[in-house]
Every structure is written in structure tokens, then in C-alpha cells.
Amino acid sequence: MPRGRLRVYLGAAPGVGKTFAMLGEGRRAKERGRDVVVGIVETHGRVQTAAQLEDLEIVPRKSMEYRGGAFTELDVDAVIERAPKVVLVDELAHTNVPGSRNAKRWQDVEEILDAGIHVVTTVNVQHLESLNDVVHEITGVPQLETVPDEMVRQADQIELVDMSPDALRRRMAHGNIYAPEKIDAALSNYFRVGNLTALRELALLWVAGKVDEQLDRYRFEHGIRTTWEARERVVVALTGGPEGDTLIRRAARIADRSKGADLLALHVISADGLTGGDPANLARQRTLTESLGGTYHQVVGDDIPTALLDFASGVNATQLVLGASRRGRFAQILSRGVGVETTAQSGSIDVHMITHAEAKQGRARRQRSRAALTRRRRITGWILALAGMPALAGVLLPFRAELSLPSEILFFLMLTVGVALAGGMWPAVTAAVGGSLLLNYFFTPPLYEFTINDPENLFALVVFVLVAAAVAAIVDLAARRTRQAAQASANAEILSALAGHVLRGESALPSLLARLRETFGLTSVTLLERAAETKAWHIIATTGGPPCVKPSTGDTDVIIDDDLVLAARGAPLDASDRRVLEAFAAEIAVALRQQRLAEAAEKAKPLAAADKMRTALLAAVSHDLRTPLASAKAAVESLRSVEIVWSPGDRAELLATADESLVKLDRLVANLLDMSRLQAGVLGVTLEPLALYEIVPRAIDDLGARIETTVPYDLPDVVADAALLERVLVNVMGNAVRYSPAVLVTASSVGDQVEVRVIDRGPGIPPDAHDRVFQPFQRLGDRDNHTGVGLGLALSRGLTEAMGGTLTPEETPGGGLTMVLRLPARQGRWPQSGSPM
């Protein structure tokens with residue numbers, strides 16, 4: 001059965017109209033005769049959204065009970081049994097009630113798609129896993145519900161439901177999103193213009209990235225090499241000269257004119273001797289490029305204009321920035337140069353020629369080697385051999401009477417050496433043979449016959465051929481050695497860049513694979529590993545086009561070890577290139593080991609933290625457990641003494657001391673155990689909707705102190721663990737009571753959260769010490785029986801974060817400290833429960 005198609009309506013924030021748009025599409029599909037049902041939709045009390053449900057068939061929800069409450073969820077089995085053509089499923093990132101078959105609604109959607117049913121769904125950008133921390137940083141609101149990016153990326157169609165921040169705030173003010181009592185708080189917090197603008201940009205960029213991937217895939221599958229100007233990409237060509245800084249800054253300004261344009265710096269390492277400029281200049285220009293938000297690349301190419309344009313076409317660049325030629329006027333007459341050649345071949349890519357201080361100052365440092373046997377030089381050699389010899393014979397014929405045969409042989413020898421210097425071995429041999437025939441026919445008696453009467457002339461012609469062949473062989477050998485030296489220099493440049501890549505810490509596998517593909521112009525590069533159990537190959541990392549699924553499917557492969565192979569697709573590489581490829585493979589293996597060691601180190605960090613905590617715990621309990629224990633023991637021993645007769649008042653005081661010490665000891669042990677569970681990640685947390693007006697009085701009763709409270713009865717329920725929330729409140733309020741005679745507790749709704757503020761008028765804490773008060777075991781040393789081990793606030797923050805909230809200190813206006821406890825508010829159905837840490 002073919003898999004169903006997934007369509008996603010993506011929004012930047014609640015209220016932009018995702019559900020409305022989804023239902024509108026469902027109604028249009030039904031009007032076209034398609035079988036459409038509603039799997040689950042949340043209207044959130046919005047009248048316009050509810051009106052869209054009319055005339056649409058709704059699959060009954062699945063009823064569930066949890067902790068005495070009744071809840072409803074999407075009934076996956078009922079949808080599959082009904083087997084519609086299209087099903088509408090709202091809130092893709094929703095977390096199901098514990099006891100459901102799947103923990104997340106997106107997993108329910110996967111089952112429906114596998115059954116061949118098309119799904120239309122909705123999700124907000126803040127619920128995408130990769131953007132979760134970014135959204136938290138922007139809005140200050142943690143998102144408990146997330147959906148993997150890959151789930152949304154694999155959608156067949158993504159519709160961005162966009163709305164300007166001002167329009168969305170007007171919708172909010174008109175009561176079209178939240179209830180009237182929540183509007184002011186929402187507009188002042190989550191729905192601020194800055195927040196909405198940032199979320200909107202995140203959504204637009206995420207969708208643009210998705211579209212970019214689709215465009216690259218389409219161009220690759222259809223073999224399209226021409227540039228499509230869907231997005232501005234500016235490539236700046238660097239020679240390694242001092243003018244590169246000017247070119248990079250100019251290219252960055254060109255890119256800045258188009259919002260979201262990419263800047264790419266490219267240095268071409270030529271195998272024919274133009275091996276690059278000053279490494280110090282290139283290193284500085286690379287740093288400059290990256291500081292301006294661009295990326296640096298190196299490729300190897302025999303022909304500089306072709307290499308530049310191949311790279312630009314490969315990245316779908318729209319503009320190419322080149323520096324004005326540094327060659328003199330005479331040199332430009334002999335050869336058009338890289339700039340002119342590139343402009344002539346650029347096609348749809350705009351080429352910018354930028355003048356600079358080095359223009360027309362001549363080449364600095366290395367120049368093109370004239371011994372390299374390029375295609376142009378071989379053609380020149382053949383032209384000189386085939387046309388130059390007859391032309392020279394024609395020039396010398398009028399002077400035959402004045403010149404002797406040795407002089408004529410020297411002229412032909414000079415031209416043959418020139419042919420050897422220009423074209424190498426075979427053009428020179430051809431010139432030598434042709435020249436000997438011309439000398440024999442036109443200049444050696446008897447004339448106009450291929451015979452020689454004088455043995456001395458025969459000897460001279462034989463020597464001429466031998467000398468010409470020897471010179472041609474030596475020139476050819478020198479040319480090959482020069483070419484090999486140039487290739488070795490180019491490889492050295494690549495290896496130097498690779499070493500710099502490692503020294504800068506850029507050893508991530510994707511980065512190394514991408515650089516390898518760019519360097520040799522490969523189609524794709526894949527790192528494969530063989531599983532120890534099944535011996536099957538699986539992909540560790542890949543870049544470029546379709547990956548190699550096993551070593552035999554690649555054009556080139558490098559065996560790193562018995563179970564690790566680097567496979568590449570593209571043009572086969574020669575021996576020298578393969579040596580560089582092997583160097584890349586070795587570094588890739590090191591990067592893989594480093595990555596796995598880093599992952600192992602990350603796994604070991606909790607163990608190290610737990611060990612550090614246990615060490616601090618032993619140092620702390622040596623005093624703090626002994627102090628209340630000693631007090632209780634002394635009181636009990638005094639009461640048991642038969643030598644002293646205690647009055648009723650003294651007996652009651654001793655019993656009270658023992659009871660107080662044991663209560664403190666019990667609380668201390670409970671805190672220590674909970675802190676250990678938090679550090680080890682095994683603290684059980686059960687989230688459920690709770691009413692603060694019930695929890696706060698219970699915490700005050702447990703504390704046994706007089707505290708003024710302002711907790712409205714119409715506050716939204718918070719999503720928290722009842723026992724843990726009470727512990728947090730007791731610890732925070734107890735800390736406030738210890739330092740202030742008057743403590744006030746207030747609660748209010750702010751956006752998707754509820755804030756509880758514990759306000760005291762004590763001495764307060766300096767702002768630079770706000771974070772230190774949450775570190776455990778900060779009060780080591782001698783202390784009285786009332787201070788404890790400094791775990792109260794540390795434990796409170798840990799418990800709060802375990803429930804998805806935050807605990808932060810603020811200065812009380814006029815003096816004192818305010819502890820702000822923020823917890824997620826219940827939105828429709830509560831978002832999560834039963835999540836163990």
C-alpha cells in the first residue's frame with residue numbers, strides 16, 4: 001500500500017490561522033468530492049474556527065481516564081478503520097495522555113500515513129525540535145512539546161501561514177485568540193512585537209531552507225547546471241594576494257543588499273603551477289570572510305575560469321566578484337586573463353570586476369610555470385612544427401647563396417629547440433624530422449632531391465636530428481618534473497589547509513566531507529561503517545548527491561580500517577590525488593573518534609557531577625547531620641536520666657527540642673535524597689493540572705508561618721507535580737521567612753505561564769550573587785542548627801526545572817529579594833504527564 005501524503009500548515013505563533021486554513025482546505029476538498037474527515041481539531045473557543053467544522057465528518061475521539069480525570073485523544077484505530085482519503089489532525093506536536101499507544105501525536109500521524117491515508121496537520125515554529133532553545137531564548141518561555149524537524153521536513157507540502165505582528169496583536173486585542181482576561185498579559189509578554197517578529201523570521205527562514213533543499217534536489221535530479229536566481233549567493237574569487245581583503249568587503253556589501261544572501265569565498269589551487277598566493281594572506285582572508293558571516297572554500301582546477309564557474313554553478317551562485325588583473329598591459333595583450341575569460345563564459349552569473357591598489361602592478365610571488373605542458377602549449381608546439389619549419393625554409397631560400405649549410409642547420413635547430421620548449425617531445429621530434437627533410441631537399445646538394453653527396457653534410461644532418469631529439473627529450477622531462485612539482489605543491493596546499501582546518505577545531509565530519517568533495521569536484525562523499533553483528537554497511541555521514549550505500553557503489557574508495565571505508569562518486573582520481581584523499585580519510589577517522597569520545601564524555605559528565613556532589617555531600621553531612629542528631633540525642637538522654645527529676649515544663653522543653661531536631665533531620669535527609677535523585681536523573685515527576693489557590697495554603701500550613709497571600713481563584717491551573725510544587729513553595733517561603741519578618745506571596749497569569757512571586761523585605765542579595773545562591777553546599781563550615789547545608793534553593797530550582805518551569809531571583813523594589821516561580825499554564829488539555837527524569 002503506498003504511503004499517504006503529508007501536508008503541514010506551519011505558523012510563527014498561536015492565532016495566525018493554521019487551524020482555520022486547514023479546515024478551509026478540508027471543506028474545499030470535500031466540495032471537490034474527496035472523502036475528508038476530521039480526526040481531531042482544537043478550536044480553543046474561537047467562533048470562526050468552530051464554524052469551519054460544519055458539514056465536516058468528525059471521527060469520535062478516544063476517551064481515556066488518568067488520575068481521576070477524563071481526557072480525549074485522537075483515535076488512530078477508528079481513523080484507519082474509517083479509511084478516508086484525507087484526515088485533518090490538529091496540533092502535530094501534542095503530547096498524548098499517559099497510557100496512549102504513542103507518546104506523541106506525530107507518531108499517531110506516522111501510523112495513519114503508513115495506512116495510505118493523506119494527512120493535513122498544523123504546527124507552530126516554536127515546536128520544531130531544532131528551534132526549541134532559540135525560541136526559549138527569544139521569548140523566555142520553555143516549550144514542553146516538540147516535534148522532530150525531520151517529521152516536518154519529509155512533508156510533501158508545507159504551507160506557511162503568515163501574519164504580520166501588528167495584525168496578530170490586533171486579532172489578540174479583538175479577543176479572537178485568547179479569553180479576555182488573558183489578553184493584557186499575553187500582549188505584554190509572549191505577544192510583544194519583538195517576539196513575534198523574531199518568530200516570524202524563524203518560520204520564514206526555516207521554510208526557505210526547506211525550499212532550498214527541494215530546489216537543489218530538483219536541479220541535481222534533472223542535471224540542471226545553469227544558475228537559477230532563487231536566492232542571492234555571492235562568490236568572491238581570491239588569489240591569495242593582498243587585494244583579497246578589499247574584494248571580500250566589497251562582496252559582503254553586495255550580499256548585504258539582499259536580505260539572507262550567502263557569501264562564499266573561493267581560492268582555486270591550480271595543478272599547472274598557479275598554486276596559490278601567500279598563505280598568511282589566505283589565512284587572514286579566511287578569518288575575515290567568516291567574521292562577515294561567509295564561508296571559505298578551496299578547489300583544485302587546471303583552468304582557473306572553468307574552476308570558478310563550475311563552483312559558482314554548483315552552489316547556484318548569482319554573482320561572482322573578481323579583482324582587476326594585476327598583470328601589465330603587454331601581458332594582457334598576449335592573453336585575455338582570468339577576468340575576461342570568466343566574464344565571457346559566465347552566462348547568467350553576474351561578474352563584478354573590482355579595482356584595487358594592486359591592479360596592473362604585475363604578478364607578485366609565484367607565476368605560472370612556462371614548462372608545464374598545458375593543452376595550449378602543445379597546440380602551439382604542433383603549429384610551430386607543422387607551419388614554422390616550411391616558413392623558415394621559405395625565409396632562408398633567398399639567402400641560400402650567402403649562407404653555408406652549418407648556418408642553415410643552426411637556424412633549423414634553433415626553431416626545433418623552440419618547438420621543444422613550447423610543445424614538448426613529439427612536436428619537437430616532428431620538427432626535427434621535418435627540418436632534416438627540408439634541409440636535404442632545399443639546402444643540401446644535389447638540390448631538390450632527397451639525396452646527399454657529401455658525407456660531411458650527411459653527418460651534419462644526423463647530428464642535427466640527434467641534437468633536436470635530445471633537446472626535446474630533456475625539455476619534455478623538465479616539463480613533466482615541473483608539472484609533478486606543481487601537483488605536489490598543490491597537494492601540499494590542500495594538506496596545509498587541512499592542517500589549519502584541524503588546528504581551528506573544525507573537525508566535524510560534515511565539514512571535512514564537504515571540503516573533500518569541493519577540493520576534488522566529487523559528486524558525493526560518504527563515510528561507511530560495517531556493523532559488527534550483521535556485517536552490513538551503514539552510513540555514518542555523507543555530503544553531496546546520492547550517497548554510496550556500500551563501498552562497491554562508489555567510483556573511488558579508501559579503506560580506513562576493517563570496518564570503516566570512505567567512498568566517493570565522481571571522476572576517478574590519479575595516484576597523487578589518491579594520496580591526498582587518504583590524508584583526508586585519516587583525518588575523517590580521527591574526527592569520527594573525537595566525535596564518539598566527545599559523546600562518551602558527555603555521557604560521563606552526569607557521573608562526574610554525581611561524584612562531585614557525593615564528595616560535597618560527605619563534607620556537608622559530617623556536620624549538618626550530626627548537629628540535629630546530637631541535639632535530639634542529648635534531649636532524649638536527659639529525659640532518660642534517673643539522677644535528675646525534671647519539672648513538667650523542662651520535660652516539655654526537652655521533648656520539643658528533640659522533636660524540632662528530628663523534624664529538621666528528616667527534612668535534611670529528604671532534601672539530600674531528592675538532590676541525589678535530581679543529579680542522577682531518576683526523580684519521578686508526574687505532571688497534572690493543579691490549582692494554586694489550593695497548593696499555596698497547604699505549603700504555608702506545612703511551614704507554620706504567617707505569610708500574606710494574593711492568589712486569585714480564577715487563575716489558570718498550572719501543570720506541575722503536586723508534591724514537588726509544595727516542596728518548592730515550602731523551601732522558597734521558608735528561606736524568605738528566615739530573613740524577613742514580612743513575606744508576601746502573589747500569583748498572576750502571564751501569557752502561557754503562571755508566575756508565583758515570593759516577596760520579602762530582608763537584606764537581599766547582590767545581583768552578581770543571584771546565580772550562586774542556587775549552588776548546593778555553599779554554606780560549609782561551622783554554623784548553628786538553623787542554617788542547613790544550603791540545599792533548599794538548589795533543590796527548589798532543580799525540582800522546578802524538572803516540572804518544566806523556572807525559578808529566578810529579582811530585587812524587591814525598596815530592598816529585599818523576590819523569588820519568581822514560573823510554571824506552564826494549562827492550555828486546553830494539559831500538555832504532559834508522567835515524565836520521569
Side-chain angles (χ1 to χ4, degrees), residues 136 140-142 185 189 667 670-671 674-675 678 685 690-712 715-716 718-779 786-825:
H136 186 186
V141 179
N189 292 275
R667 184 174 300 166
N671 283 345
D674 282 345
M675 181 58 75
L678 273 175
V685 180
L690 301 172
L692 276 178
Y693 64 82
E694 295 178 353
I695 299 295
V696 173
R698 289 210 305 262
I700 295 175
D701 292 340
D702 290 346
L703 191 61
R706 292 182 57 84
I707 296 177
E708 184 180 350
T709 63
T710 304
V711 181
L715 270 180
V718 297
V719 180
D721 184 294
L724 297 185
L725 178 56
E726 188 172 337
R727 289 278 301 283
V728 170
L729 291 172
V730 168
N731 284 340
V732 174
M733 291 189 296
N735 187 72
V737 169
R738 185 177 302 130
Y739 297 105
S740 175
V743 176
L744 172 64
V745 177
T746 66
S748 60
S749 175
V750 180
D752 295 336
Q753 292 183 316
V754 173
E755 284 187 356
V756 179
R757 293 177 172 267
V758 180
I759 306 167
D760 69 52
R761 294 292 182 179
I765 299 174
D768 58 356
H770 279 181
D771 287 335
R772 292 202 301 271
V773 299
F774 293 104
Q775 298 176 9
F777 312 116
Q778 293 303 299
R779 299 159 73 180
H786 299 285
T787 53
V789 293
L791 274 178
L793 290 180
L795 179 62
S796 298
R797 171 171 274 189
L799 296 177
T800 302
E801 291 176 350
M803 295 184 290
T806 60
L807 181 63
T808 55
E810 294 179 359
E811 294 185 40
T812 303
L817 184 70
T818 297
M819 283 291 181
V820 183
L821 171 65
R822 295 183 178 91
L823 291 169

### Task
Let me see the working for Leu744 and Ile707 under side-chain contact (heavy atoms from CB on, under 4.5 Å), right down to the final yes or no.
CA-CA 6 Å; Leu744 172 64; Ile707 296 177; over 6 Å; no

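Under the 4.5 Å side-chain criterion, counting only non-hydrogen atoms from C-beta, Met733 is in contact with Val745. By the 4.5 Å heavy-atom criterion applied to side chains, Leu729 and Val696 are counted as neighbours. Considering only heavy atoms from C-beta on, Glu811 stays 4.5 Å or farther from Leu817 through its side chain. In this structure the side chain of Arg757 reaches within 4.5 angstrom of the side chain of Glu810, judged on heavy atoms.
Ala742 pairs by the side-chain contact (heavy atoms from CB on, under 4.5 Å) definition with nothing, not counting sequence neighbours.
Panel note: side chain Thr800, backbone Ser796; a donor-acceptor pair is recorded below 3.5 Å. Judged purely by atom type and a 3.5 angstrom limit, Asp760 has no side-chain atom pairing as donor or acceptor with the backbone of Val743.
Taking all atoms of both residues into account, the shortest heavy-atom contact from Pro809 to Arg797 is CD-NH2, 4.4 Å. Contact between Pro763 and Tyr739 at its shortest, heavy atoms only, is CD-O, 3.6 Å. Between Ala720 and Leu725, the shortest heavy-atom distance links the atoms CB-CD2, 4.2 Å. Pairing each heavy atom of Ser740 with each of Arg761, the nearest pair is OG-N, 2.9 Å. The two atoms that bring Ala747 and Pro712 nearest to each other are O-CD, 3.4 Å, heavy atoms only.
No donor-acceptor contact under 3.5 angstrom links the side chains of Thr746 and Thr710, judged on distance only. In this structure, a donor-acceptor pair under 3.5 Å is present between the side chains of Thr808 and Arg822.
Looking at Val758, Asn731, Val820, Leu821 one by one, the single match for side-chain contact (heavy atoms from CB on, under 4.5 Å) with Leu807 turns out to be Leu821.
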